[in-house]
Amino acid sequence: MLSFEELEKGFTEEEAIAEADRCLNCKNPLCTSGCPIENRIRDFIQAIRARDYDKAIEYINERSNLAVICARVCPHTDQCEGACILSRKGRGIRISKLERFLADKEMERLLIKSKGKVAVIGSGPAGLTVAAILAKEGYRATVFEARSVPGGVLRHGIPEYRLPNEMVNKQIDIVKNLGVRIETGVVVGESITMDQLFEMGYQAAFIGTGTGLARKLDAPGEDLPGCLQAIYFLETINLIVDGSLKKEDSPLEPGDRVLVLGAGNVAIDAARTSLRIGASEVRVLDIMDESHRRCSDKEYEEALHEGVRFHFQTSILEIIGPDRVRAAKVSGFAPAPDERGEVRLLPVAGTEERIQCDKIIVAIGQKPFARIVSTTTGIQTNEQGYVITHEAPYYGMTTREGVFAAGDVVHEPKTVILAMREGRRVAEAIDRYLQEKGLRSSI
Ligand code: FAD
């Protein structure tokens with residue numbers, strides 16, 4: 001019975017050199033003019049004669065990106081081989097087989113270059129850093145991202161006026177050009193589990209899933225329409241700005257009076273974004289005093305300059321409806337001993353007031369989702385849900401062998417540069433882990 005095995009066998013090195021030796025090295029190579037993409041055929045054949053295969057591949061790559069395929073399916077006898085001067089005298093040069101000899105060799109070299117497969121979960125700065133470094137080191141890194149567009153907080157949190165989406169997209173394109181694959185719309189822990197990733201042949205995994213779960217205020221009235229979480233609010237506005245959502249989807253309307261709770265960078269982004277949507281007034285309330293606010297000086301000053309009003313040592317006691325947010329009962333706060341004698345920030349009697357408002361945006365912190373750790377075994381978290389990692393034997397390895405983590409998912413939300421710094425250290429550790437594991441298994 002006829003088989004599907006590839007019919008023609010490739011040249012051995014000896015055969016290839018013998019065939020290349022027959023080339024007349026024509027001054028005006030008819031083989032090149034017979035090739036629709038004008039491959040530098042004479043030159044690569046001469047390079048084979050000289051056993052300079054790197055040079056030969058270079059000549060091929062100058063004109064072709066699919067040499068493995070062309071060598072097999074091009075109608076050579078009607079093109080380069082048919083045009084070869086020797087074919088008029090009987091036996092033309094087997095250009096297709098010489099091209100195949102080189103192309104197959106190069107393909108093997110490029111594929112062997114892959115040191116292994118690593119799954120990177122999350123496409124924020126931590127995940128992108130790990131994937132880019134591993135790709136440069138010769139690994140096949142695939143990023144699995146829950147959202148439909150990669151970038152993490154860079155894309156969905158930080159507003160357009162500080163970091164344009166176009167710049168984030170271009171930066172991600174550079175990472176992709178290193179050979180990193182990004183698969184969006186994959187929620188690890190829901191669409192696929194960590195265990196399934198290992199079954200698919202990934203030899204290590206990196207968790208860089210950040211802190212996507214907003215902390216609640218725990219004040220009466222928090223569930224009223226008009227009380228928003230800052231990270232969801234910012235993501236919605238980012239999606240409106242990039243055209244993925246309509247303007248009517250905005251949770252905030254021009255003319256709204258807005259209270260933002262918290263004075264970290266997320267709160268400032270929410271306050272300044274509200275002004276850009278047309279809020280008639282924006283006040284930021286923070287339980288800390290001005291000197292202990294968590295936002296940067298630059299963000300604070302720019303917010304003041306744009307008209308945001310700050311109320312320090314102040315917080316919300318109750319959100320007042322009844323049908324939607326209409327006002328907030330607020331109070332001054334100061335350090336004082338509680339009933340057990342511990343000094344805490346407590347409401348100051350007699351400072352209560354009611355502030356009329358239409359929207360309240362809560363920006364008092366985030367924590368990690370438990371989707372991954374709850375659907376697999378062996379990955380421990382601390383009491384607040386942050387993934388526990390170790391410094392040794394491999395920096396950033398979790399309590400499960402082969403699974404690493406870095407970025408906000410292992411500590412309180414911090415900064416882009418810290419996620420990148422940790423990402424680099426962990427990528428180096430993954431490289432060492434996989435190399436040592438390879439050595440152990442080959443002993
Ligand atoms: P993230 O950026 O949060 O990325 C995590 C990614 O993982 C997300 O894309 C998420 O969709 C994905 N993911 C989550 N779960 C899963 C899952 N189960 N499967 C697949 N994918 C998943 N820092 C600065 O240095 N400068 C700033 O100006 C600044 N501004 C900020 C403004 C805002 C509004 C916010 C929220 C943060 C800001 N930060 C800033 C902090 C900084 O952005 C974070 O510290 C940093 O993005 C953390 O990076 P990461 O990669 O750990 O996580």
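Below, all heavy atoms of this structure are taken into account, side chains as well, without hydrogens, waters or symmetry copies. Residue indices begin at 1 and follow the sequence shown. When a ligand or atom number is given, it counts from 1 through the structure's own listing order.
Protein residues are said to neighbour a ligand when one of their heavy atoms lies under 4.0 Å from it; for ligand 1 these are Ile121, Gly122, Ser123, Gly124, Pro125, Ala126, Phe144, Glu145, Ala146, Arg147, Gly152, Val153, Gly157, Ile158, Arg162, Val186, Val187, Val188, Gly208, Thr209, Gly210, Leu234, Val266, Asp269, Arg371, Ile372, Gly407, Asp408, Lys414, Thr415, Val416, Ala419.
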Validation: residues 315-323 side-chain donor-acceptor distances under 3.5 Å, sequence neighbours left out:
from	atom 1	to	atom 2	distance (Å)
Asp323	OD1	Arg326	NE	2.8
Asp323	OD1	Arg326	NH2	3.4
Asp323	OD2	Arg326	NH2	2.7

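Annotation: cation-pi geometry not satisfied between Lys367 and Tyr386 (NZ/CZ under 6.0 angstrom from ring centroid, within 45° of ring axis).
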- Message: Show, in sequence, the C-alpha distance, side-chain angles and deciding distance for Val426 and Tyr394, and conclude whether the side chain to side chain contact (heavy atoms under 4.5 Å, CB included) test is met.
- Response: CA-CA 8 Å; Val426 171; Tyr394 300 103; over 6 Å; no
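Without hydrogens or angle criteria, Lys117 side chain to Ala204 main chain gives no donor-acceptor distance under 3.5 Å.
Ring centroid separation for the pair Tyr395 and Phe404 does not come in under the 6.0 Å cut-off.
The closest side-chain heavy-atom distance from Met288 to Arg294 is not below 4.5 Å.
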